[in-house]
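Report on one structure; see the data block that follows.
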Amino acid sequence: MLQVNYIVDNRDHVLERLAVKNFKQPELVDEIIWLDHRRRRTQMPLNLAESQANAEAKKVGELMREGKKGEAEEAKLNAGRYKEEIKKLNETLEEIEKEIQEKLVLLPNLPHASVPNGLTPEDNEVVLENGAKPNLPADALPHWELAAKYNLIDFELGVKITGAGFPVYKNKGAKLQRALINYFIDEAEKAGYKEVSVPLMVNEASGFGTSQLPDKEGQMYFVGLDNLYLIPTAEVPITNLYRDVILKADELPIRNCGHTPCFRREAGSYGAHVRGLNRLHQFDKVEIVTIGHPDESYDILEKMSAHVQGLLQKLGLPYRVLRLCGGDMGFGSALTYDMETWSAAQKRWLEVSSVSNFESFQSNRLKLRFRNAEGKTQLAHTLNGSALALPRIVATLLENNQTEKGIKIPEVLVPYTNFEWIE
RNA sequence: GGAGAGAUGGCAGAGUGGUCGAUUGCGGCGGUCUUGAAAACCGUUGACUGUUAAAGGUCCGGGGGUUCGAAUCCCUCUCUCUCCGCCA
């Protein structure tokens with residue numbers, strides 16, 4: 001959530017940046033500025049009336065103690081006169097504040113200066129490509145056929161017990177998945193991220209804090225009986241650990257990692273692109289989250305990006321890094337890098353990680369602050385990234401490493417799987 | 001599922017109608033003393049809003065009410081804890 005004062009002080013800049021994000025309701029900006037003016041014009045007389053009423057009320061107490069009953073009664077009447085005015089102004093003020101809030105939550109974050117213009121994924125900027133794409137024989141299989149051939153994943157069984165998009169992992173498929181999770185967590189810890197294990201359901205305040213709510217409500221599974229949401233990503237519980245917290249400057253940066261299943265309704269998706277592991281309602285992910293000083297957040301973003309790339313390199317997967325264009329970026333992000341691996345049998349790039357700097361967009365909602373050099377509270381910056389999302393990694397590993405003999409497990413994983421081949 | 005208790009500043013814990021944004025202790029910060037540290041002592045220490053700076057205003061779980069005046073009284077919601085039951 002943007003700060004009202006910032007919008008008021010930087011109107012033109014805000015409008016210009018929102019245009020890069022292809023924001024469709026720029027009129028909200030001026031509406032907010034106008035409402036803020038009204039808020040101030042209401043606040044001032046209200047505070048004055050409150051001040052006078054307070055003074056009269058205090059006087060009543062003093063007069064009563066001195067036994068001046070008549071004067072006390074008079075003061076009571078005086079104080080009573082402010083009451084109606086206060087009530088009226090207060091109602092107006094609350095109305096204005098509510099309206100500001102309603103408009104404010106509709107504004108996305110402002111994109112960083114380096115974000116390319118554009119509307120669709122085609123407009124994303126390819127920052128770099130790394131690793132050689134394997135040359136597979138013409139009869140190479142997509143991962144869903146490999147999964148069936150080697151009895152690794154049972155999609156039909158998942159449909160039976162739950163529904164489409166909830167696969168059942170079996171045999172070496174289950175072990176490969178567990179190996180990857182442990183590997184990713186170990187690597188994150190080596191890089192300085194402290195592991196946390198967090199709840200998979202969150203309340204409404206948490207959903208709001210990281211800006212899934214109110215705008216992306218339909219994307220989350222909701223447990224109505226208890227008013228809880230299944231997490232779409234570990235970003236939500238991990239970042240919300242620091243909701244309503246004022247940190248010391250020397251505590252920054254705070255770095256956490258964690259493995260969780262993620263649940264996504266993904267309403268409206270279907271077809272070839274969601275085949276197999278490409279798109280699921282439930283999947284596992286290791287997430288890295290950093291809370292950093294505003295001056296350092298873009299350095300931190302590069303480090304997080306480098307960590308993710310390091311994982312892909314060690315797994316021997318060809319990948320590319322995209323800088324998302326304004327139109328393709330998430331609602332709360334100021335700059336996002338997407339990492340995609342080359343799926344050799346499907347012959348397409350698959351997104352396996354998304355690393356974002358939210359600047360103070362989330363922390364403003366979270367009330368996540370630190371005490372700066374002047375001793376004043378200041379909003380911290382929040383960042384997060386997948387390191388990594390499991391299913392598409394499994395998919396590309398299966399596809400890219402298929403041979404006549406079977407599927408070769410990357411060397412770094414063997415200590416975790418305890419097998420070298422899936423045969 | 002049943003019964004009860006509670007929600008106050010970073011933490012602990014006072015406060016049952018007026019001078020309470022809130023006693024006190026711990027913790028934090030600054031200082032005295034010390035070669036240095038500890039101890040002791042002195043001082044300081046909530047957030048938000050507002051202003052050039054003040055003043056002023058709001059906040060004692062959320063919302064509503066009574067009153068000239070509410071942390072304190074009433075209603076309501078939410079959450080937490082304890083005991084019993086069930087259970088990984």
Side-chain angles (χ1 to χ4, degrees), chain A residues 1-9 32-33 35-102 104 197-209 213-214 222-229 237 240-252 254 261 291 360 362-380:
Chain A
M1 196 164 65
L2 299 175
Q3 294 175 88
V4 177
N5 285 341
Y6 184 85
I7 296 171
V8 171
D9 294 341
I32 288 168
I33 293 172
L35 282 166
D36 188 58
H37 280 299
R38 274 191 63 201
R39 182 184 64 78
R40 284 159 194 269
R41 281 211 307 273
T42 311
Q43 183 95 256
M44 267 157 56
L46 170 65
N47 287 173
L48 184 67
E50 283 173 331
S51 169
Q52 285 165 329
N54 284 345
E56 289 296 332
K58 203 172 193 173
K59 215 156 80 184
V60 174
E62 281 161 8
L63 291 168
M64 292 290 266
R65 214 164 305 111
E66 290 164 19
K68 297 173 181 167
K69 226 175 167 188
E71 289 176 51
E73 285 305 318
E74 201 178 312
K76 274 193 196 183
L77 286 176
N78 284 337
R81 272 190 211 111
Y82 295 111
K83 216 180 163 181
E84 201 175 324
E85 191 187 350
I86 289 172
K87 200 178 167 193
K88 222 169 74 187
L89 287 168
N90 228 334
E91 279 168 7
T92 309
L93 184 69
E94 275 172 22
E95 215 171 278
I96 293 170
E97 283 177 340
K98 195 178 146 212
E99 224 174 309
I100 291 174
Q101 186 69 11
E102 280 169 2
L104 213 50
S197 180
V198 290
L200 306 181
M201 290 197 259
V202 294
N203 56 29
E204 191 186 340
S206 294
F208 178 78
L213 296 174
F222 179 58
V223 184
L225 204 55
D226 295 291
N227 266 304
L228 295 171
Y229 297 85
N240 270 280
L241 295 174
Y242 302 93
R243 172 152 48 87
D244 289 316
V245 166
I246 300 174
L247 297 159
K248 292 178 193 154
D250 62 16
E251 289 179 285
L252 299 174
I254 287 180
I291 294 158
S360 59
Q362 291 182 328
S363 58
N364 189 30
R365 290 182 169 206
L366 293 159
K367 298 281 164 276
L368 165 50
R369 293 157 292 176
F370 70 100
R371 212 168 286 286
N372 63 22
E374 290 104 64
K376 295 201 166 172
T377 60
Q378 185 182 342
L379 295 174

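Order of the sequence lines fixes the chain letters, A, B, ..., with proteins taken first and strands second; residue numbering starts at 1 for each chain.
Atom CZ of A/Arg39 is surrounded by more than 12 heavy atoms from other residues, nucleotides or ligands within 6.0 Å.
With P as the reference atom, B/U24 and B/G15 are 15 Å apart, rounded to whole Å. The C1' atoms of B/A40 and B/U49 are separated by 41 Å, rounded to the nearest whole Å. Atom name P, nucleotides B/C77 and B/G4: the rounded distance is 16 Å, in whole Å. On the C1' atoms, B/A22 is 9 Å away from B/G9, given to the nearest whole Å. Annotation: B/C11 and B/G65 have their C1' atoms spaced 34 Å apart (nearest Å). Spacing between B/C75 and B/U67 at atom C1', rounded to whole Å, works out to 16 Å. Remark: the separation of the C1' atoms in B/C33 and B/A38 is 12 Å, to the nearest Å. The C1' atoms of B/A55 and B/A5 are separated by 44 Å, rounded to the nearest whole Å.
Note on A/Arg39: only backbone sugar-phosphate atoms sit closer than 4.0 angstrom, heavy atoms only; bases stay farther off. The residue A/Glu56 sits apart from the nucleic acid: no heavy atom pair falls under 4.0 Å. Residue-level contact check: A/Ala79 touches the backbone only, with heavy atoms under 4.0 Å from sugar-phosphate atoms and none from bases.
Nearest nucleotide to the side chain of A/Glu50, out of B/U58, B/G18, B/U51: B/U58. The nucleotide whose nearest atom lies closest to any side-chain atom of A/Arg40 is, among B/G57, B/G18, B/U51, B/U51. Proximity note for A/Ile246 (side chain, C-beta onward) versus B/C68, B/U51, B/A47: the nearest is B/A47. Each of B/C68, B/U58, B/C48 was ranked by its minimum atom distance to the side chain of A/Arg369; first place goes to B/C48.
Residues A/Lys98 and A/Glu95 are not paired through a salt bridge, judged by the lack of any N-O separation under 4.0 Å between the basic side chain and the carboxylate.
Spacing between atom CZ of A/Arg371 and atom C1' of B/C48 amounts to 13 Å, rounded to whole angstrom units. Rounded to an integer number of Å, the gap from CG of A/Leu379 to P of B/C48 is 9 Å. When rounded to the nearest whole Å, the span between CD of A/Gln378 and C1' of B/A47 equals 16 Å. Rounded to an integer number of Å, the gap from CG of A/Asn47 to P of B/A55 is 14 Å. Rounded to whole angstrom, the span from the CG atom of A/Asn54 across to the C1' atom of B/G69 amounts to 9 Å. As rounded to whole Å, 10 Å separates atom P of B/C29 from atom CG of A/Asp250. What separates CD of A/Glu97 from P of B/G57 is a distance of 17 Å, to the nearest Å. At whole-Å resolution of the value, NZ in A/Lys58 and P in B/A70 are 14 Å apart.
Nearest-nucleotide assignment on RNA chain B puts the 5′-proximal partner with A/Asn5, out of A/Asn5 and A/Gly80.
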Polar atom pairs (N or O), protein with nucleotides 60-67 of chain B, under 3.5 Å:
none

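Within the structure, a side-chain polar atom (N or O) of A/Thr377 is placed less than 4.0 Å from OP1 or OP2 of B/C48. For the OP1/OP2 pair of B/U58 and a distance below 4.0 Å, the side-chain nitrogens and oxygens of A/Asn90 include no atom meeting the criterion.
Listed by first residue number, the stems of RNA chain B with at least three Watson-Crick or G-U pairs below 3.5 Å are B:1-7 with B:78-84, B:10-12 with B:24-26, B:27-32 with B:40-45, B:46-49 with B:56-59, B:61-65 with B:73-77.
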